[in-house]
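One structure is given below, encoded as structure tokens.
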Amino acid sequence: MRMSKMFSKTLREAPSAADSKGYEMLLRAGFIRQMGAGIFTLLPLGYRTNSKIENIIREEMDQIGGQEILMPVVNPADIWKETGRYYSIDKEMSRFNDRANRDMVLAMTHEEDATAIARNEIGSYKKLPQLVYQIQTKWRDDARPRAGLIRVREFTMKDSYSFDRTVEGLNEQYKNHYASYFRIFSKAGLPVIVVGADSGMMGGKVSHEYMYLSPIGEDTIITCDKCGYTSNRQVAVFQKKYFKEEEKPIEKIKTPDCKTIEELCTFLNVEKRQTAKAVFMVGTFIDDKTGEEEEKLITAIIRGDLDVEENKLQKVAKANSLRPAHEEEILAANMVPGYGSAINCDPKTIVIVDDSVKKSNNLVAGANEKGYHLLNTNFGRDYTGKVADIASAKDGYTCQCGHTLKENRGIEVGNIFQLGTRYSEAMNCYFTDEDGKNKPVIMGSYGIGVGRFLACLAEEYTDEKGLSLPISVAPYQVHLINLIKDKALSEKIYEDLSNAGVEVLFDDRKESPGVKFTDADLIGIPIRITLGNRSVKEGKAEVKFRKNLDNNQLFDLDTLTSKILESIKTLKQELEQGIVNKELEI
RNA sequence: CGGAUAGUAGCGCAGAGGCUAGCGCACUUGCUUCGGGAGCAAGAUGUCGGAGGUUCAAGUCCUCUCUAUCCGACCA
């Protein structure tokens, strides 16, 4: 490609919206442009990198037996009504009516499509197992897109769907993806860790997320250096300390101006762990069949030294969504904000109690009366509710192995879910087994956000001068900079390299050397050839690697092409050495 | 969806009632230059986000609206 003919341009200054280094460089180097909130165009350079990422994914998916298909973005709403997600998913899914006034949706994922196809194609156990995948556009009307390509509304996703006869078969496909994803990310040079995760709206059981660790990430990851435990905070577990003593009789005491746990502890001179706090949320419950919504008050009781993990709470309560309760709603259920507890509350309230409270006793709790608390409250004796772990894991907490947990920020670039029969049963996707019986197909779904992958690579491979993507995903392999008058020579070198199959970005512009060098730094093609008077006179060209600009090598012009081919090979080999082969142990 | 901020040239920004709206970079042409964002000269570029209003006069003040960004809620 000749830079004199290139569609995009580079920017000297970063657009003001660029708030991360990677995003800034993607904009400045001319990889991407924004069209609207969470909507982007990939320019030629960005699209080439995007395609390379996609091809790495294809290679690996084919390797584990995937067959590529393409499902539609526009879906009839009917299939989404079958699984109930038409009702349970809120505004994030865009809906519209076609000219015949049929309900339509823009697919935000393709479990429904995949199942709808599979139920017609798969009738017999002889057809199983199957694995299909696609690389396709998704639209999710996120309320708050941010950080460039990290969190967008329209994006490309690789999604695969497995269909199996048995749970063992599903495990096999799941393990294949688990290992395959590590190879995919490492082939592109992106370091990731895998964490145990919540399956969210997918509704499955087992699930893992692939995380690129970065301070700009929106997920919090809890890890243990000793036993290797890694988990998204949403589901992370930890060791709680319990303090059991002899039960004492309940006692009401005056506690003026003690609305927070801190104030209460100071006033009574007790530790936080000797208190029980009440957190009031309102859960929305949606009927999958009818789409009817119902709101219920949820009272979460947790020990004062811990915080509620809302995601855990939502799951235990089986709510579709949660929001903080309003004061009136709490009062209506016979509880008093600031002095709340589940004691003598409205029986319609869903009470969920963290196991820390059950296993401790004589806790100070609200008396549901302004200015009063109760000493020595005990779960089981004074109130009841559903017991579960709803506590949020934090930095410094104790891992179940006894070591200290750490927290980090991460960006989710991939996820794998064991769906089981949730979709096949809801959508009547059954096969006839060897024994003549009809059984639901067992499914899994697996995703990689391609654009987010690109954004993470940009974060990882950026220095103060620009991008420096690995050779497997860089838009071109070689950047040829011509600084000499002799056009014939540079043209010949460009031709030779191209004919040898090298992907060359050729700077043939009438620009000053400084402009050419800065643009080359910015775009960050891995290998740079400079043709300048100094070296050409000696029959040589200068060659530098973008990742180490201080190291300048001189290659003979006669053998330049073959030497460059070697350099490409070397860079590829270095990357291959970094390929992660990791198996899931179930 | 709540809170905050901002919309003026391709990008970054100035102009805060006054007459023809400006600066840097980018862009065009010419000459010179040619190893780390060159110099000189000449030029082109705007419905000042949109609608309505106040005023002799609005980029500037008011109202509404749209859009974007950030924080939060939310999110695979």
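Any value given below was found using the heavy atoms of this structure, including those in side chains, with hydrogens, waters and symmetry copies removed. A note on names: the letters A, B, ... follow the listed sequences, proteins ahead of strands, and every chain is numbered from 1.
- Between the side chains of A/Asp307 and A/Ser392, no donor N or O sits under 3.5 Å from an acceptor N or O.
- Nucleotides B/A9 and B/G43 place their C1' atoms 15 Å apart, quoted to the nearest Å.
- The base-pairing partner of B/C34, taking Watson-Crick or G-U wobble contacts with both distances under 3.5 Å, does not exist among the strands shown.
- Separating the P atom of B/A57 from that of B/C19 is a span of 15 Å, rounded to the nearest Å.
- Comparing atom distances between the A/Lys9 side chain and each of B/G36, B/G10, B/G37 picks out B/G10 as nearest.
- Place A/Gly36 and A/Met157 on RNA chain B by their nearest nucleotides, and A/Gly36 ends up nearer the 5' end.
- Separating the CZ atom of A/Arg12 from the C1' atom of B/G24 is a distance of 10 Å, rounded to the nearest angstrom.
- Residue whose closest nucleotide on RNA chain B sits further toward the 5' end, between A/Arg146 and A/Asp19: A/Asp19.
- For A/Ser16, counting side-chain heavy atoms from C-beta on, the closest listed nucleotide (B/G35, B/C13, B/C75) is B/C13.
- When heavy atoms are screened at a 4.0 angstrom cut-off, A/Gln34 is found touching the sugar-phosphate backbone but no base atom.
- Remark: P of B/U69 and CG of A/Leu27 are 11 Å apart, rounded to the nearest angstrom.
- For the side chain to side chain contact (heavy atoms under 4.5 Å, CB included) with A/Ser535, the lone residue among A/Leu483, A/Leu554, A/Asn552 that qualifies is A/Leu554.
- Contacts of A/Lys158 with the nucleic acid, taken as non-hydrogen atoms under 4.0 Å apart, are absent.
- Remark: B/G22 base-pairs with B/C13; criterion is Watson-Crick or G-U wobble with both hydrogen-bond distances under 3.5 Å.
- Taking the C1' atom of each, B/G7 and B/A14 are spaced 15 Å apart, rounded to whole Å.
- The CZ atom of A/Arg422 sits 13 Å away from the P atom of B/A76 (whole-angstrom rounding).
- Counting non-hydrogen atoms under 4.0 angstrom, A/Arg509 reaches nothing in the nucleic acid.
- Nearest nucleotide to the A/Ala37 side chain, out of B/C71, B/A68, B/C11: B/A68.
- Comparing the C1' positions of B/A38 and B/G22 gives a spacing of 25 Å, expressed to the nearest Å.
- Side-chain N/O atoms of A/Lys138 and A/Gln136 include a donor and acceptor closer than 3.5 Å.
- The partner of B/A68 is B/U5, by the rule that a Watson-Crick or G-U pair needs both atom distances under 3.5 Å.
- Scanning atom types as modelled, one donor and one acceptor separated by under 3.5 angstrom connect the side chain of A/Arg140 and the base of B/A76.
- Ring orientation note: the planes of A/Tyr174 and A/Tyr446 are tilted relative to one another, at an angle of 30° to 60°.
- Across all strands shown, A/Ala147 has heavy atoms under 4.0 Å from sugar-phosphate atoms exclusively, and none from any base.
- B/C70 sits 24 Å from B/C64 when the C1' atoms are compared, rounded to a whole Å.
- We find that A/Lys91 and A/Asp141 are not joined by a salt bridge, their nearest charged nitrogen and carboxylate oxygen being 4.0 Å or further apart.
- Spacing of P atoms, B/G17 relative to B/U60, comes out at 11 Å, to the nearest Å.
- A donor-acceptor contact under 3.5 Å links the side chain of A/Arg28 to the base of B/G37.
- The residue A/Lys485 sits close to a base: some heavy atom pair falls under 4.0 Å.
- No close placement of the A/His110 and A/Tyr161 rings is indicated, their centers lying 6.0 Å or farther apart.
- For the 3.5 Å distance criterion, the side chains of A/Tyr423 and A/Arg85 qualify, holding a donor opposite an acceptor.
- Within the nucleic acid shown, A/Arg151 comes within 4.0 Å of at least one base atom, counting heavy atoms only.
- Whole-Å rounding puts the A/Arg144 CZ to B/C1 C1' distance at 12 Å.
- Pairing of B/G59, defined by two Watson-Crick or G-U wobble distances under 3.5 Å, is not identified with any nucleotide.
- The residue A/Asp90 sits apart from the nucleic acid: no heavy atom pair falls under 4.0 Å.
- Using a 4.0 Å heavy-atom cutoff across all strands shown, A/Ser535 reaches at least one base atom of the nucleic acid.
- In this structure, CG of A/Leu531 is placed 15 Å from C1' of B/C34, rounded to the nearest angstrom.
- Rounded to an integer number of Å, the gap from NZ of A/Lys315 to C1' of B/A76 is 13 Å.
- Annotation: B/G30 and B/A21 have their C1' atoms spaced 29 Å apart (nearest Å).
- A donor-acceptor contact under 3.5 angstrom links the side-chain atoms of A/Glu13 to the base of B/G24.
- Pairing for B/U28 is with B/A42, a Watson-Crick or G-U wobble pair whose two hydrogen-bonding atom distances lie under 3.5 Å.
- A/Ala143 comes within 4.0 angstrom of a base, heavy atoms only.
- Following rounding to the nearest Å, A/Glu511 (CD) and B/C25 (P) show an atom-to-atom distance of 14 Å.
- Ring-plane geometry between A/Phe182 and A/Tyr210 is classed as perpendicular, the angle between the planes exceeding 60 degrees on a 0 to 90 degree scale with a lower cut at 30.
- B/A16 takes the syn form, because its glycosidic angle lies no more than 90° either side of 0.
- If you measure from atom CD of A/Glu310 to atom C1' of B/C75, you get 13 Å, rounded to the nearest angstrom.
- Judged purely by distance below 3.5 Å, without hydrogens or angles, the side chains of A/Glu112 and A/Thr83 pair a donor atom with an acceptor atom.
- The residue A/Gln314 sits apart from the nucleic acid: no heavy atom pair falls under 4.0 Å.
- Phosphate contact (OP1/OP2 of B/G37, side-chain N/O of A/Thr518, threshold under 4.0 Å): absent.
- A/Gly532 comes within contact range of at least one nucleobase, with a heavy-atom separation under 4.0 Å.
- Residue A/Tyr446 is classed as having no contact, given no heavy-atom separation below 4.0 Å to the nucleic acid.
- Spacing between B/U55 and B/G72 at atom P, rounded to whole Å, works out to 45 Å.
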